[in-house]
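Shown next, in structure tokens, is the structure this report addresses.
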2 protein chains.
Amino acid sequence: MGRVRMSDVAARAGVSTATVSMVLSGVNTARISPQTQQRVREAAEAVGYEPNSVARSLRTQQTRLVGLVSDTIATTPFAGRMLAGANDVAREHGRLVILVDTEGDVGAERQALQALSGQQVDAMIYACMWHRVVEVPADLPEDAVLLDCAPATANRAAVVPDERAGGMAAVRELVAAGHRRIAYLDAEERFDLVASRLRREGYLQVLAEAGIEPDPFLHARAEPVAGGGRAAARRLLDLPAGRRPTAMFCFNDRMAMGAYAAAHQRGLSVPDDLSVVGYDDQQLVAAELDPPLTTVALPHYEMGRWAMEVALGLREADPAAPHLMPCPIVRRASVGPPPAQFGD
Amino acid sequence: MGRVRMSDVAARAGVSTATVSMVLSGVNTARISPQTQQRVREAAEAVGYEPNSVARSLRTQQTRLVGLVSDTIATTPFAGRMLAGANDVAREHGRLVILVDTEGDVGAERQALQALSGQQVDAMIYACMWHRVVEVPADLPEDAVLLDCAPATANRAAVVPDERAGGMAAVRELVAAGHRRIAYLDAEERFDLVASRLRREGYLQVLAEAGIEPDPFLHARAEPVAGGGRAAARRLLDLPAGRRPTAMFCFNDRMAMGAYAAAHQRGLSVPDDLSVVGYDDQQLVAAELDPPLTTVALPHYEMGRWAMEVALGLREADPAAPHLMPCPIVRRASVGPPPAQFGD
DNA sequence: TTGAAAGCGCTAACAG
DNA sequence: CTGTTAGCGCTTTCAA
């Protein structure tokens, strides 16, 4: 790679390497005569000089490299957005990111952390593929920032989606359309999802605000995949007419996909007979459904940006509590007014 | 980060840094007395020494870093698998990967390439988010390997999916089930997808092998998303009974999703009335459909591994032609025999 | 069997 | 305004 060194440029321009260094990195540039600067630049251009960042890093003790370690970030469909967010701000600020995927293996994680610290990265981000609380690894630097996960004990900068507010937005959408019998197709407790609890809190709060008594029968739980959503939706749709929901808020888009299937099997149409709201805004699901699904987006890109911004010191973070990133509602076509006989 | 240096270890062990270097990196280890080695190791442990890779890299001219630049790798749902494959072999061989996402911007790409070369990466991979042929950037090193794309002109090591064989496998599956009227729901030509052409070749070849005259009416084209698939499938299903397909090979899983929808609207069941095979094996689509979709998997993980292996010199590549990675068929439940009246 | 010494390519005081 | 010089932390001859 970089065959030609700074001394080559210096020789050709008839100056010292110190001068070359200054003009090329734009430091103390005011003190160097314009002619010299010009000569240096031309010489650099002529010999095809490219600075050697390794040497520079050794000297300056700054690598402009940031480490991003994750459990399985690359494998999940959302993860890309987080990466994109982090990468974008890194690029905007001349940083490069070293990505390490530990696949949830603790040994690999320790190794990765050591390798990154050996590589003298300037900053570090610790990312999870889904929102959860983590036991922070002992050898994670103090100033690392957590992405899509909250620290179990240690105080760390962290960012997670505001699931509670997202749940509220989803249910408000339904309430605003006139629904009163709104089911929540939740994930089963055994999955121990923090999102599940938070979204449910949002659901209950909006019901309360709207003066709707929560009906325990309308809180269904299933495996958070299409099959689970279908089964749960079927049970709900089998409820006697007066107790049957006119709308379903689903824990995620996949369950919503199942809800669609259940409705169609019953000969019900979305949104005329049943309104549905999902969560995640999963490309290739939400937008591809028929009708396109109204859902709540997980702010992966924004969280990625935020994490990188605080990692680079571009933004302050409160280490006492995770930053809550808003989850915007994405309105498509799966919400309508309740069927006439339920109207008020 | 690495506060403590090798000289600290040396001081504590009462030896020179040269000795420390040798024992810690296992070089010339035979020439150093076991006692000394022991002392050095203990000292290193005691002071918590961690080698500084930047200094080492400067000295050895080897960074053990590999650059992975892509157009939008992180944003697409498949991309993660390529990353995972590449990352896994990197990890297995003590390499770290720097990921740069250029978002298709040529300027950003040049910058990234320069930054990586300045960073003295030992190897480079140039990845695309979908199979296509690319004009190789001028400043991409000669020994970079192309991932999921083929070079337009230059001879480069490259790996792409064997789409043709994949198309054959898909259609063979249908032929083996007894189908003779097999449609191909293709992407429109304006998208200029190399996969589209190759899969079609596979489709035609298997038809030929089976002695089936291709019916031009059964080659439908649409936008390669669920909506397009649905529209195309509807048109096909509207054909008179004798000309109507009993099976559909879809360009991708999303179109297959649309085919399902069209079938259901017609009151047709998959696979009893209509068999469907997709392509991509897109998680969250293929497996979540009802019934689960038989499809052809894109070998992203394997391609990622392959690319990293040749990048690290672990494997030879023929620069004259891209390596074709097999696309395995994934049998689920969307293929059955043709309905009785079409049986032979 | 071990140590001294010379850099890898660059930056940053300090002189001039 | 520009050059000299002294390292950054490590590896690797060469000498002892």
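Within every chain, numbering begins at 1; the chains are lettered A, B, ... in the order of the sequence lines, protein sequences first and strands thereafter.
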### Message
So if I take every side-chain heavy atom of V15(A) and compare against dG3(D), dG9(C), dT11(C), which nucleotide ends up nearest?
### Response
dG3(D)
### Task
Go through dG7(C), dG9(C), dT2(C) for me and flag the one nearest to the I32(B) side chain.
dT2(C)
### Query
Closer than 4.0 Å, any side-chain N/O of S33(A) to the OP1 or OP2 of dT2(D)?
yes
### Query
Over how many whole Å does the gap from R56(A) atom CZ to dG7(D) atom P extend?
22 Å
### Task
Without swapping roles, check the side chain of D101(B) against the backbone of A84(A) for a donor-acceptor pair under 3.5 Å.
no
### Task
Could you check which residues of residues 18-26 of chain B get a heavy atom under 4.0 Å from DNA chain C? Sort them by number, please.
A18(B), T19(B)
### Query
CZ of R59(A) versus P of dG9(C): gap in Å, rounded?
16 Å
### Salt bridge R12(B)-E45(B), side-chain N to carboxylate O under 4.0 Å
no
### Task
Would you kindly give the CD-to-C1' distance between Q37(A) and dC1(D), to the nearest whole Å?
11 Å
### Query
Is a side-chain N or O of N52(B) found less than 3.5 angstrom from the main chain of Q120(A), in a donor-acceptor match?
no
### N/O (side chain, R31(A)) to phosphate O (OP1/OP2, dC1(D)) under 4.0 Å
no
#### Entry: Euclidean distance, atom CE of residue M6(A) to atom P of dA12(C) [Å, nearest integer]
10 Å
### Query
Does R39(A) reach the main-chain N or O of A13(A) with its side chain, forming a donor-acceptor pair under 3.5 Å?
yes
### Query
What are the two closest non-hydrogen atoms of E109(A) and T102(A), and how far apart are they?
CA-CG2, 3.6 Å
### Query
Just by modelled atom types, is the R56(A) backbone N or O under 3.5 Å from a matching donor or acceptor in the S53(A) side chain?
no
Output side-chain donor-acceptor pairs under 3.5 Å for residues 310-322 of chain A, partner residues at least two apart or in another chain, one line each.
unit_1	atom_1	unit_2	atom_2	d
R315(A)	NE	E309(A)	OE1	2.9
R315(A)	NH2	E309(A)	OE1	3.0
D318(A)	OD1	A320(A)	N	2.8

### Query
Where each residue is assigned the nucleotide of DNA chain C containing its nearest heavy atom, which of A55(B) and T36(B) is assigned the position nearer the 5′ end?
T36(B)
### Message
Can you measure N52(A) atom CG to dG7(C) atom C1' for me and round it to whole angstrom units?
### Response
14 Å
### Net bend of the helix from dT1(C)-dA16(D) to dG16(C)-dC1(D), end axes of five pairs each, nearest 10 degrees
40°
## Note on the structure
Heavy atoms of H131(B) and P161(B) approach each other most closely as ND1-CD, 3.5 Å
### Query
Which whole-number value in Å describes the distance from N28(A) CG to dT11(C) C1'?
11 Å
### Task
Indicate, with a heavy-atom threshold strictly under 4.0 Å, whether V27(A) touches base, sugar-phosphate, or nothing.
nothing
### Query
Just wondering, more than 12 heavy atoms not from R132(B) lying within 6.0 Å of its CZ?
yes
### Query
In terms of side-chain heavy atoms of S16(A), which of dT4(D), dG9(C), dT11(D) is nearest?
dT4(D)
## Note on the structure
Shortest non-hydrogen pair, D71(B) vs C128(B), comes out as OD1-CA, 3.4 Å
### Message
Can you measure Q120(A) atom CD to dC10(D) atom C1' for me and round it to whole angstrom units?
### Response
11 Å
### Query
Can you tell me if the side-chain N/O atoms of Q61(B) get under 4.0 Å from OP1 or OP2 in dG9(C)?
yes
### Task
Starting from P on dG7(C), measure out to CG on L58(A) and report it in whole angstrom.
17 Å
### Task
Mind checking G14(A) for me? I need base, sugar-phosphate or nothing, with any heavy atom below 4.0 Å counting as a touch.
sugar-phosphate
